[in-house]
Enquirer: 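This is the structure I want to talk about, given as structure tokens.
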Amino acid sequence: MSMLEDAKQAAKGMAQQAVGKAIQLAPDSWMPGGRPDPLIREQHGQIGRPVSRIDGPLKVGGQARYAAEFALDGMVYAALAYSTIARGRILAIDTKAAEAVPGVVLVMTHENAPRMNKVPLFLTDQKAAGGVDLPIFQDPEVHWNGQPVAAVLAETQEQADHARSLLRITYEEVPAITSFAGAKAKGKHPGVFMGNPLNIRIGDAEEALAAAPFRVDQAYETPRHSHNAIELHACTVAWEGDRLRVHDASQLVAHTAWSLAQVFGMEESQVHVSSPFVGGGFGGKCLWNHQVIAAAASKLVDRPVRLTLSREGVYRVVGGRTSTEQRVAIGASADGTFEALIHTGTVAMSPHNQLPEPFILPAMSVYGANAFKLEVDVAYMDMLANTFMRAPGEAVGTFGLECAIDELAEAIGMDPIDLRLKNEPDKDPVTGAPFSIREVEKMWRDGAERFGWSDRAPVASRREGEWRIGTGVAGGTYPYYRMPGGAARITLRQDGHATIDIAAHDMGMGTATAQTQVAADRLGLPMDAITFNYGDSTLPGVVLAGGSQQTASIGASVIAAHRLLVKELLQLAGNDSPLAGLSVEEVGGLDNGLASLADPLRHETYASILTRAQRGTLVVEGTPPPPLETMHWSMHSHSALFCEVGVNAVTGEVRVRRFLGSFDCGRILNPKTAASQFRGGIIMGLGMALMEETQFDERKGRIMNPSLAEYHLPVHMDVPEIDVIWTDVPDPHAPMGAHGVGEIGITGVGAAVANAIYNATGRRVRDLPITLDKLL
Amino acid sequence: MIVNGITVSPPADPRVSLLDLLREELHLPGTKKGCNQGACGACTVLVDGERILSCLALAVQYEGREITTIEGLGAPGALHPLQAAFVEHDGFQCGYCTPGQICSAVAMVEEVRRGVPSHVTADLAAEELLLTPEELRERMSGNLCRCGAHNGIVAAITEFAEAGR
Amino acid sequence: MTPFRYTRAVAAGDALRQGGQAGARYLGGGTNLVDLMRETIERPEALVDVTGLFHAIEETADGGLLIGAAATNTAVAEHALVRRRYPLLSRAIVAGASAQIRNMATVGGNLLQRTRCTYFYDNEGSRCNKRRPGEGCDAIGGFNRIHAILGASADCVATHPSDMCVALAALDATVHLGSTRGDRRLPLTDLHRLPGDRPDVETMLEPGELITAIELPPLPLAARSTYRKVRDRASYAFALVSVAAALEVTDGRVRDVRLALGGVAHKPWRAWKAEEALRGQPATEEAFTAAALAELADALPLKDNGFKIELARRTMVAVLGELAGAGA
């Protein structure tokens with residue numbers, strides 16, 4: 001930008017400031033016939049600015065306090081012992097040697113643990129948080145290899161760990177189903193996800209496939225994955241009389257508080273869970289055995305307990321993404337039109353959870369076809385409950401689907417982007433609902449241009465020294481969700497400061513920063529006049545940091561509270577105010593107060609209103625309407641992913657040289673933090689593509705690489721500069737026009753890498769991860 | 001030993017790692033425990049200016065040494081230039097690997113100045129090493145980040161290193 | 001971690017006396033031993049910290065190099081003489097672990113690293129003849145992608161994880177040992193054992209013996225040498241296969257060669273057969289391939305690691321080709 005333009009911009013900004021314009025209040029619903037959130041159009045506020053994280057200085061200074069960093073008086077440290085069999089019962093636990101270790105205050109097993117109810121399983125109740133539907137320390141039964149079977153408390157972690165190593169546990173083993181083949185042989189069961197059978201039939205897809213002039217019909221496999229947040233799962237718990245205080249690493253504090261209350265037979269209000277900082281979640285920082293064990297042990301010794309899982313412990317206690325076997329078959333006519341889209345297969349699942357990895361979700365919304373057959377079956381295994389991990393379903397489902405499309409494009413002789421655009425549906429292909437927003441074509445075109453897609457070379461034709469070079473594309477997708485249960489409180493102080501309280505979470509997504517920006521624009525306040533409180537179960541709302549739904553849930557909750565706030569402010573303002581006579585629909589936030597939409601000079605500051613009304617604070621709490629928008633529209637985010645790889649002709653090593661993600665996710669609230677979310681998802685996708693696998697030894701049902709040395713995450717050297725762009729077209733049916741962006745990033749990445757590897761080498765690898773041995 | 005300029009006694013129990021000494025006894029939890037097995041780099045601290053993993057270090061081994069943790073580099077309001085660069089370039093999300101990344105990078109820049117070669121150094125005989133993006137990424141590969149803030153981390157360190165040249 | 005006594009040795013004699021006591025172990029940088037103690041795979045009663053001894057890296061009278069066992073990995077890798085005369089050693093060291101670990105780890109400790117076999121590490125849940133001789137090996141029928149293709153036994157298929165040792169094996173290094181019974185020297189290639197039926201005995205060290213130094217002989221051909229490591233990610237991972245090589249080509253023929261492999265055996269694997277096959281041969285890809293095949297003739301694949309045979313062949317040929325090309 002030239003200096004002249006700078007000056008022009010500055011002048012324009014000043015003029016706008018002088019005149020100003022209040023922003024209309026958002027509606028509390030985005031139903032048909034309603035109007036969009038006016039913030040969608042707001043171009044001069046905080047939304048859309050690359051604001052640095054407001055908690056940044058605390059984090060870079062080492063001052064942010066995570067769950068294992070609350071030191072309580074009299075606190076003892078816990079260590080857990082894990083079963084070494086997959087199925088059976090504990091015959092005996094010899095605790096003598098452990099109890100004799102100096103500093104040990106308790107060895108807790110099923111024999112002396114307090115009686116507790118089962119943790120309500122996630123998705124079985126609005127606030128249910130449990131990852132495993134099994135009793136904890138209530139009986140000698142063992143259900144998975146790695147199940148916690150004893151806990152040791154001691155004055156120091158060193159003492160607890162040592163004593164734990166002295167426990168002698170004997171088992172009676174019974175036959176277990178620990179191989180996928182064995183589980184399938186026992187019979188497959190239909191997958192049901194959030195109450196919906198994962199089984200879609202439209203037309204006769206098999207017949208259409210058989211009749212199609214072009215077809216692919218391939219099997220794809222994805223292995224187990226672990227979230228591997230760098231922060232170990234930990235909690236610091238204390239009983240304060242009949243109240244339970246839990247410092248947790250959590251992406252669902254309100255769910256956890258309610259669920260722990262069920263476990264201990266208490267009122268929800270007696271449990272206080274907070275989690276101001278979470279060292280990464282990705283679906284894994286939920287309620288597992290360890291928090292319950294810590295609380296139970298704390299109750300027995302009446303002292304605060306710190307329980308930090310070891311890295312091995314995280315693998316034994318916290319479920320991960322399960323394995324999938326997928327069939328993708330697509331039949332197409334000569335012009336590329338999909339006649340049949342078949343995506344079926346089987347996932348491994350424990351009988352004690354609710355997630356049949358729903359890998360058909362992408363095929364349910366991304367492409368049109370004349371016939372569909374989409375189905376997920378499950379095969380039950382005796383293993384730790386599998387669970388939600390970043391884009392459950394989409395992350396691995398896009399691998400099969402988007403690789404198959406690449407294979408089909410080659411078979412037809414079409415450009416893979418053209419083939420995708422050829423099958424752009426004009427309405428939701430399964431439900432028939434209209435799309436709320438869909439800028440997929442722009443997304444692909446912008447991405448292709450920026451990446452230089454038109455320069456793509458034929459298969460196995462580029463080489464630089466030992467390196468074969470290739471490029472590939474794939475699409476990604478993730479839905480817009482907004483779950484019921486949102487609520488927010490706004491406290492406006494006489495000095496014009498506003499506090500927003502909501503039991504939401506910031507595990508690094510930038511929630512607090514982006515939502516402070518949004519609140520600043522809504523209220524007409526500077527960002528530093530706003531405090532955004534979150535991560536505490538005593539705050540309003542039941543807001544899961546999952547399903548990329550927080551942005552919408554918080555947005556809708558604050559909108560509801562804001563309407564109440566303005567209504568009360570207008571009442572307080574009364575007849576002596578410049579605002580006298582104006583309705584909620586006629587005013588908006590501007591310059592630390594409210595102003596008439598029609599005449600911004602009719603303005604009064606919050607401080608003035610509250611001072612005149614002799615009110616120190618004004619407190620309102622709002623609840624948004626149910627998420628009906630998702631019933632009226634098909635709401636999805638999309639991505640177009642472009643990858644360039646080098647594959648070493650000698651060793652088969654793969655290096656990602658370039659990567660571009662082009663996203664269609666509604667309006668981007670904060671380009672700095674959103675770009676980090678996109679990149680973060682893409683990098684986790686690179687790990688999934690090339691190196692990540694939780695090794696599950698099918699002989700014993702045991703995870704064999706419970707370690708960051710042997711479970712490979714991408715390191716700096718594996719990560720190239722990743723370019724991200726977005727359409728920034730707002731979704732008129734979402735608060736702020738925004739979609740959550742936490743999960744879309746990982747989707748499609750595995751396929752983009754695999755397709756690039758094919759272009760480089762002529763080798764199709766259909767099972768992840770694509771390690772070098774598969775390319776020799 | 002001296003931790004962030006303050007003299008402290010080594011622990012009575014020789015099993016205590018430098019990491020646990022910092023976090024549990026000295027109440028300096030800025031140094032993070034990500035694996036406790038030498039595989040993630042979150043526990044990186046500086047000992048006499050060199051980066052090490054405090055989880056694999058028995059604290060008693062470090063008697064007489066000078067330890068600098070993230071808290072000793074800078075604090076909110078008085079951030080070290082690299083800490084500030086991390087904020088500016090969004091070199092983190094959850095913040096948990098961040099103290100280790102920052103401590104690691106501070107020492108890494110010195111290693112390059114000293115001429116310590118890396119796996120990607122083409123010429124071992126070179127008198128002066130350049131901190132190319134490739135060198136930077138290789139040298140920082142001992143610090144894992146699961147949020148995927150790698151690009152921002154590289155940008156922040158690059159800015160810091162260039163400012164110091 | 002099992003309780004232990006800690007003492008810091010201030011002099012060699014002091015160290016040897018303490019280290020000679022039953023249940024005592026020498027402690028270097030701790031990067032492997034502390035990890036294994038935390039897993040309770042190692043349970044020493046006493047640790048004798050020897051990091052204060054034998055730091056020096058000095059030229060020997062015959063033009064070789066004497067590297068104190070307590071020198072850190074970084075100190076060796078960055079040493080000017082190492083970089084100039086034994087570049088493969090610098091390269092091997094910086095290919096290993098991370099900078100933080102290399103700053104802590106000592107040369108002596110690096111030699112005594114234990115395997116990364118995941119069944120060895122699974123102290124409570126898996127059988128391992130290294131940990132409890134005679135109980136069986138769960139790796140043989142399990143995940144053994146990272147395991148040995150050469151020199152393994154029916155009792156153990158683990159690999160030695162060090163990169164540095166592979167370079168030392170190629171360099172004809174000698175290990176200096178001390179004990180209260182006196183000093184002795186061992187060729188590095190004789191320090192580590194193949195597993196046989198006693199995989200728990202990994203080296204030829206006698207109880208109480210301390211590694212005091214590594215001696216590198218003068219080896220002019222090492223000036224043209226390199227180390228190539230192949231692994232599952234671009235950095236900070238153990239080798240699937242690595243190759244250390246030095247090559248001297250005169251008039252298109254291999255005059256002399258040193259070749260060693262990592263990631264393939266229970267010990268750093270000196271490729272004697274390949275060297276033998278190469279000396280005097282033309283420096284061509286055919287000859288390199290023949291030599292590699294000679295070395296790998298006895299390789300035996302397990303369920304998951306058959307690719308290593310092909311990978312080792314290709315990597316050896318590529319490394320030799322690179323060195324031959326560099327000298328042309």
Side-chain angles (χ1 to χ4, degrees), chain A residues 50 52-53 55-66 68-69 71 77 156-159 161-162 227-232 277-282 308 310-312 507-510 672-673 675-677 679-684 707-710 713-719 721-722 745, chain B residues 13 15-16 20 23-24 27-40 42 69-71 73-77 79 82-84 86-88 90-99 102 119-120 133-134 136-154:
Chain A
S52 292
R53 284 166 204 277
D55 56 4
L58 284 177
K59 286 178 174 174
V60 300
Q63 304 290 337
R65 287 287 166 271
Y66 297 80
E69 297 168 0
Y77 294 81
T156 71
Q157 189 70 57
E158 289 77 16
Q159 293 164 340
D161 289 342
H162 170 52
H227 309 83
N228 275 319
I230 301 296
E231 179 199 23
L232 297 164
F277 293 97
V278 183
F282 318 115
T308 306
S310 64
R311 182 52 66 178
E312 178 191 355
M507 312 178 289
M509 306 88 87
K672 186 180 284 195
T673 54
S676 290
Q677 283 281 72
R679 290 196 178 98
I682 289 169
I683 292 164
M684 198 178 279
S707 147
L708 290 180
E710 271 73 34
L713 310 182
V715 298
H716 278 287
M717 199 59 192
D718 294 297
V719 179
E721 181 134 348
I722 292 167
Chain B
D13 184 345
R15 291 176 298 182
V16 176
D20 285 331
R23 285 173 65 84
E24 304 302 329
H27 300 291
L28 292 170
T31 306
K32 301 304 184 194
K33 183 181 279 188
C35 70
N36 218 27
Q37 55 191 181
C40 79
T69 71
I70 191 73
E71 292 95 340
L73 282 182
L79 294 179
L82 183 57
Q83 290 172 322
F86 263 66
V87 176
E88 173 59 28
D90 216 31
F92 56 94
Q93 292 201 56
C94 78
Y96 200 80
C97 74
T98 314
I102 292 172
H119 177 58
V120 299
E134 193 185 27
L136 195 163
R137 295 208 309 267
E138 162 59 23
R139 289 167 187 274
M140 289 301 296
S141 284
N143 290 85
L144 303 188
C145 168
R146 187 55 157 169
C147 293
H150 304 78
N151 285 185
I153 292 168
V154 170

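Within every chain, numbering begins at 1; the chains are lettered A, B, ... in the order of the sequence lines, protein sequences first and strands thereafter. These figures come from a predicted structure and were not determined experimentally.
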Enquirer: With sequence neighbours excluded, what pairs up with A:Glu158 under the salt bridge (charged side-chain N to carboxylate O under 4.0 Å, His left out) test?
Expert: none
Enquirer: Among the options B:Pro29, B:Gly30, B:Pro133, pick out the one with the most heavy-atom pairs lying under 4.5 Å from chain A.
Expert: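 Ranked by contacts with chain A, first place is B:Pro29.
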Enquirer: Is A:Ser310 in contact with chain B via its backbone, its side chain, both, or neither, using a 4.5 Å heavy-atom distance?
Expert: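 When you check distances to chain B, no heavy atom of A:Ser310 falls under 4.5 Å.
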Enquirer: Grab the two heavy atoms, one from B:Arg15 and one from A:His162, that are nearest each other, plus how far apart they are.
Expert: NH1-CB, 3.4 Å
Enquirer: Can you see which heavy atom on B:Ala39 is nearest to which on A:Ala709, and at what distance?
Expert: CB-N, 3.5 Å
Enquirer: Mind checking side-chain contact (heavy atoms from CB on, under 4.5 Å) for A:Ala64 and listing every partner two or more places apart, or none if nothing turns up?
Expert: A:Leu58, A:Lys59, A:Tyr66, A:Phe277
Enquirer: Looking only at heavy atoms, which two atoms of A:Val60 and B:Gln83 are closest? And how far apart?
Expert: O-NE2, 2.9 Å
Enquirer: So do A:Arg53 and B:Asp90 actually touch side chain to side chain, heavy atoms under 4.5 Å?
Expert: yes
Enquirer: Let's go through B:Gln37 and A:Leu708 carefully: what are the C-alpha distance in whole Å and the side-chain angles of both, what is the deciding distance for side chain to side chain contact (heavy atoms under 4.5 Å, CB included) to 0.1 Å, and is it a yes or a no?
Expert: CA-CA 8 Å; B:Gln37 55 191 181; A:Leu708 290 180; 4.2 Å; yes
Enquirer: At a heavy-atom distance under 4.5 Å, which candidate from B:Pro76, B:Ser141, B:Gly142, B:Gly148 has the highest pair count against chain A?
Expert: B:Ser141
Enquirer: The test is side chain to side chain contact (heavy atoms under 4.5 Å, CB included); show your working for B:Lys32 and A:Ile230 and say whether it passes.
Expert: CA-CA 9 Å; B:Lys32 301 304 184 194; A:Ile230 301 296; over 6 Å; no
Enquirer: What is the distance from atom SG of B:Cys40 to atom CG of A:Asn228, rounded to the nearest 0.5 Å?
Expert: 10.0 Å
Enquirer: Measure distances from A:Val278 to the heavy atoms of chain B and classify the residue's part below 4.5 Å as side chain, backbone, both or neither.
Expert: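 Answer is backbone: N, CA, C or O of A:Val278 sit under 4.5 Å from chain B.
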Enquirer: Of all heavy-atom pairs between B:Cys94 and A:Gly279, which one has the smallest distance, and what is that distance?
Expert: SG-C, 3.3 Å
Enquirer: Measure the shortest side-chain to side-chain distance between B:Gln93 and A:Gln677 over non-hydrogen atoms and say whether it is less than 4.5 angstrom.
Expert: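 Touching, per the 4.5 Å side-chain cut-off.
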Enquirer: Please examine the side chains of A:Lys672 and B:Glu88, heavy atoms only from C-beta on, and report whether any two atoms are closer than 4.5 Å.
Expert: yes
Enquirer: Could you look at B:Leu144 and say if it's the side chain, the backbone, both or neither that has a heavy atom under 4.5 Å from chain A?
Expert: both
Enquirer: Does A:Glu69 come within less than 4.0 Å of B:Lys33, counting only side-chain N to carboxylate O?
Expert: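 Answer for the salt bridge query: no.
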Enquirer: If you measure from CG on B:Asn36 to CG on A:Leu232, what distance do you get to the nearest 0.5 Å?
Expert: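 Between B:Asn36 CG and A:Leu232 CG, I get 7.5 Å after rounding to 0.5 Å.
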Enquirer: Given the options B:Gly152, B:Cys35, B:Cys145, B:Ala149, which has more heavy-atom pairs under 4.5 Å with chain A than any of the others?
Expert: B:Cys35
Enquirer: Are any of the side-chain heavy atoms of B:Glu134 and A:Met717 separated by less than 4.5 Å?
Expert: yes
Enquirer: Measuring heavy-atom distances to chain B, does A:Ala68 have an atom under 4.5 Å in its side chain, in its backbone, in both, or in neither?
Expert: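 Looking at A:Ala68, backbone and side chain both touch chain B.
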Enquirer: Counting heavy-atom pairs closer than 4.5 Å to chain B, which one of A:Thr156, A:Asp718, A:Leu713, A:Asp161 comes out on top?
Expert: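 Highest number of heavy-atom pairs under 4.5 Å: A:Leu713.
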Enquirer: Highest number of heavy-atom pairs under 4.5 Å with chain B: which of A:Gln159, A:Glu710, A:Arg65?
Expert: A:Arg65
Enquirer: Side chain to side chain contact (heavy atoms under 4.5 Å, CB included) for A:Glu231 and B:Arg146? Distances and angles first, verdict last.
Expert: CA-CA 10 Å; A:Glu231 179 199 23; B:Arg146 187 55 157 169; over 6 Å; no
Enquirer: Roughly how far, to the nearest 0.5 Å, is SG of B:Cys147 from CE of A:Met507?
Expert: 9.0 Å
Enquirer: So what's closer than 4.5 Å to chain A heavy atoms on B:Ile153: side chain, backbone, both or neither?
Expert: side chain
Enquirer: Which one of A:Gly56, A:Pro714, A:Ser676 has the most heavy-atom pairs closer than 4.5 Å to chain B?
Expert: A:Ser676
Enquirer: For the CD atom on A:Gln63, are there more than 12 heavy atoms of other groups (residues, nucleotides or ligands in this structure) within a distance under 6.0 Å?
Expert: yes
